[in-house]
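Each remark here refers to the structure printed beneath this line.
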2 protein chains.
Amino acid sequence: MLKLSKKTEYALMAVKYIAMNNGGNCITAKEISSGYKISFELVSKILQQLTKFNLVQSFQGVKGGYTLTRSPNEITLIEIIKAIEPNYYITDCMGDTGSVNDCEHFDCCMIRSPLMKVQKQIESIFKQTTINEII
Amino acid sequence: MLKLSKKTEYALMAVKYIAMNNGGNCITAKEISSGYKISFELVSKILQQLTKFNLVQSFQGVKGGYTLTRSPNEITLIEIIKAIEPNYYITDCMGDTGSVNDCEHFDCCMIRSPLMKVQKQIESIFKQTTINEII
DNA sequence: TGAAATAGGACTGAAATAGTCTGATATAAA
DNA sequence: TTTATATCAGACTATTTCAGTCCTATTTCA
């Protein structure tokens, strides 16, 4: 279906929110949740995931929250996608797990390598787009 | 998930098959089905869809089958995607149905228009890729 | 008339997504 | 030391989408 997941959308919105309210203070999941009307639990999960990928830094406890680890013009779309989307390849056989040999169609259908080229081009777009551009 | 559907993959394979075996004769769904080991019914459906979008021409009855309506270097990836994928936009709010007003997040979250730009870039890749390149 | 082909709608099972629920851990402040 | 407010984390559920199947009708050639 060629669609970014809702989670990725929310991740972008969350990162944007943190970037915009960057007075040095932490931004809480609750703030983002109510600011954008997204389920609190969902936003939390996404922020935790972004933390794991070192895109945001978390602070626990009272007065805790999240800050960006880098400036918005140093964070690219591809990093967020890779952190959130379990699989961002345009076909299954391009993933880490799906090897060439998994293809059951006519000894690997041969549309794979041209599509790989398309994949690379799409990734290059994601690499070029920074968070700055979505603020 | 940012993935092309299996149907689109099969559509590409089918179009490729017809393009390669272009001795002027029709290619039947059965041929493609057994050649690529794809379910016959599925291939049929896909070819019917491609027919509706005038990418292939169908001939009914005995000796029937399919031919391309244009030469492979005149058919682009975007045309096949548009014919098969019900929704090829990277977010929901970009579709024909999903208007700006449908967005429930903070008066249209504002990541929409920068993502629209990304969408256009991706489409431009699909427009540039012809069937010739996948043969 | 029969065989071989496309046309097309209804249906099902499986997989992915979106979202919820519950409990644990950490920390600042009263 | 207690309490309120945060993050952290895993299990769970409902919904949607996708892939594939089934069945029937229609067309065409020999």
Side-chain angles (χ1 to χ4, degrees), chain A residues 1-11 13-14 18 25-34 36-53 55-67 81 84-92 95 97-98 104-105, chain B residues 1-11 13-14 18 25-34 36-53 55-67 81 84-92 95 97-98 104-105:
Chain A
M1 204 164 62
L2 208 71
K3 204 168 292 301
L4 293 171
S5 68
K6 288 278 178 198
K7 284 186 183 176
T8 298
E9 288 183 35
Y10 297 159
M13 290 159 74
I18 298 171
N25 287 347
C26 281
I27 304 294
T28 66
K30 199 174 176 184
E31 255 184 281
I32 299 172
S33 161
S34 59
Y36 281 132
K37 288 172 191 159
I38 309 170
S39 144
F40 167 73
E41 290 91 343
L42 206 44
V43 173
S44 298
K45 272 239 179 91
I46 290 162
L47 286 165
Q48 286 166 32
Q49 193 71 9
L50 293 176
T51 303
K52 278 184 188 167
F53 279 76
L55 292 169
V56 302
Q57 186 174 4
S58 71
F59 299 92
Q60 285 195 331
V62 180
K63 300 249 177 185
Y66 300 89
T67 59
I81 290 174
I84 305 293
E85 303 272 344
N87 189 330
Y88 62 97
Y89 300 99
I90 59 172
T91 70
D92 280 330
T97 53
E104 56 190 329
H105 302 293
Chain B
M1 206 166 59
L2 207 74
K3 203 168 292 302
L4 293 171
S5 68
K6 288 278 177 197
K7 283 186 184 177
T8 298
E9 287 183 36
Y10 297 159
M13 291 159 74
I18 298 171
N25 286 348
C26 282
I27 304 293
T28 66
K30 199 176 176 183
E31 255 184 281
I32 299 172
S33 160
S34 59
Y36 281 131
K37 290 172 190 157
I38 309 169
S39 142
F40 167 73
E41 290 92 343
L42 206 45
V43 173
S44 298
K45 274 240 177 88
I46 290 162
L47 286 165
Q48 284 165 32
Q49 193 72 9
L50 293 176
T51 303
K52 277 184 188 167
F53 279 75
L55 292 169
V56 302
Q57 185 175 7
S58 72
F59 299 92
Q60 286 195 330
V62 181
K63 299 249 175 187
Y66 300 90
T67 59
I81 290 175
I84 304 293
E85 302 273 343
N87 190 330
Y88 62 98
Y89 300 99
I90 59 172
T91 70
D92 279 331
T97 53
E104 54 190 331
H105 303 294

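Treat the numbers as computed from the prediction; the structure is a model and nothing was measured. To find a chain, count down the sequence lines: A is the first, B the second, and so on, and within it residues start at 1.
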Requested in this report: Answer whether the closest heavy-atom distance between the side chains of B:Ser58 and B:Thr51 falls below 4.5 Å.
Outcome: yes

Report summary line: Nearest heavy-atom contact between A:Gly64 and A:Cys26 is O-CB, 3.6 Å

Report summary line: The answer to which of A:Lys63 and B:Phe59 contacts DNA chain D further toward the 5' end, by nearest nucleotide, is A:Lys63

Report task. Calculate the interatomic distance between B:Ile32 atom CD1 and C:dA5 atom P; express it in whole Å. Result -> 13 Å

Query raised in the report: Over how many whole Å does the gap from A:Leu4 atom CG to C:dA16 atom P extend?
Result: 18 Å

**Report entry** Closest-nucleotide 5' rank along DNA chain C - winner of A:Asn87 and B:Gln60
**Finding:** B:Gln60

**Report entry** Phosphate contact (C:dT17 OP1 or OP2) by A:Tyr10 side-chain N/O below 4.0 Å
**Finding:** no

Report task. Heavy atoms of chain A, cut-off under 4.0 Å: which first and last nucleotide of DNA chain D, 5' to 3', fall inside that, if you could look? Result -> D:dA4 to D:dC18

Report task. Report yes if the side chains of A:Met13 and A:Ile32 come closer than 4.5 Å at any heavy-atom pair, otherwise no. Result -> no

Report task. Indicate yes or no for a side-chain donor-acceptor contact from B:Thr8 to the backbone of B:Leu4 under 3.5 Å, with no hydrogens or angles considered. Result -> no

Query raised in the report: How close or far is atom P of C:dT6 from atom NZ of B:Lys52, stated in whole angstroms?
Result: 16 Å

Query raised in the report: Would B:Thr91 and A:Lys3 count as a side-chain contact (heavy atoms from CB on, under 4.5 Å) if you check the C-alpha gap in whole Å, the side-chain angles of each, and the deciding distance to 0.1 Å?
Result: CA-CA 6 Å; B:Thr91 70; A:Lys3 204 168 292 301; 5.6 Å; no

Query raised in the report: Between B:Ile18 and B:Leu47, is any pair of side-chain heavy atoms under 4.5 Å apart?
Result: yes

Query - A:Tyr10 and A:Leu42, any side-chain heavy atoms less than 4.5 Å apart - result: yes

Query raised in the report: Is there a side-chain contact between B:Ile84 and B:Gln49, using heavy atoms and a 4.5 Å cut-off?
Result: yes

Requested in this report: Return the 5'-most residue of the pair A:Val62, A:Met1 with respect to DNA chain D, ranking by each residue's nearest nucleotide.
Outcome: A:Val62

Query raised in the report: Which dot-bracket notation, 5' to 3', represents the base pairing of DNA chain D when pairs are defined as Watson-Crick or G-U with both distances under 3.5 Å, crossing pairs as [ ], and inter-strand pairs as |?
Result: ||||||||||||||||||||||||||||||

Report summary line: Within residues 38-47 of chain A, the residues having a heavy atom closer than 4.0 Å to DNA chain C are A:Ser39, A:Glu41, A:Leu42, A:Lys45

**Report entry** Interatomic distance where OH belongs to A:Tyr88 and C1' belongs to C:dA16 [whole Å]
**Finding:** 19 Å

Requested in this report: Nearest whole angstrom, please: distance from the P of C:dA24 to the CD of A:Gln48.
Outcome: 16 Å

Report task. Indicate whether the side chain of B:Glu85 and that of B:Ser5 have a donor and an acceptor atom separated by less than 3.5 Å. Result -> yes

Query raised in the report: Side chains of B:Ile27 and B:Thr67: closer than 4.5 Å at any heavy-atom pair?
Result: no

Query raised in the report: Are B:Gln57 and B:Tyr66 close enough that some pair of their side-chain heavy atoms sits under 4.5 Å apart?
Result: no

**Report entry** Atom-to-atom span, CG of B:Leu50 to P of C:dA7 - whole angstrom
**Finding:** 11 Å

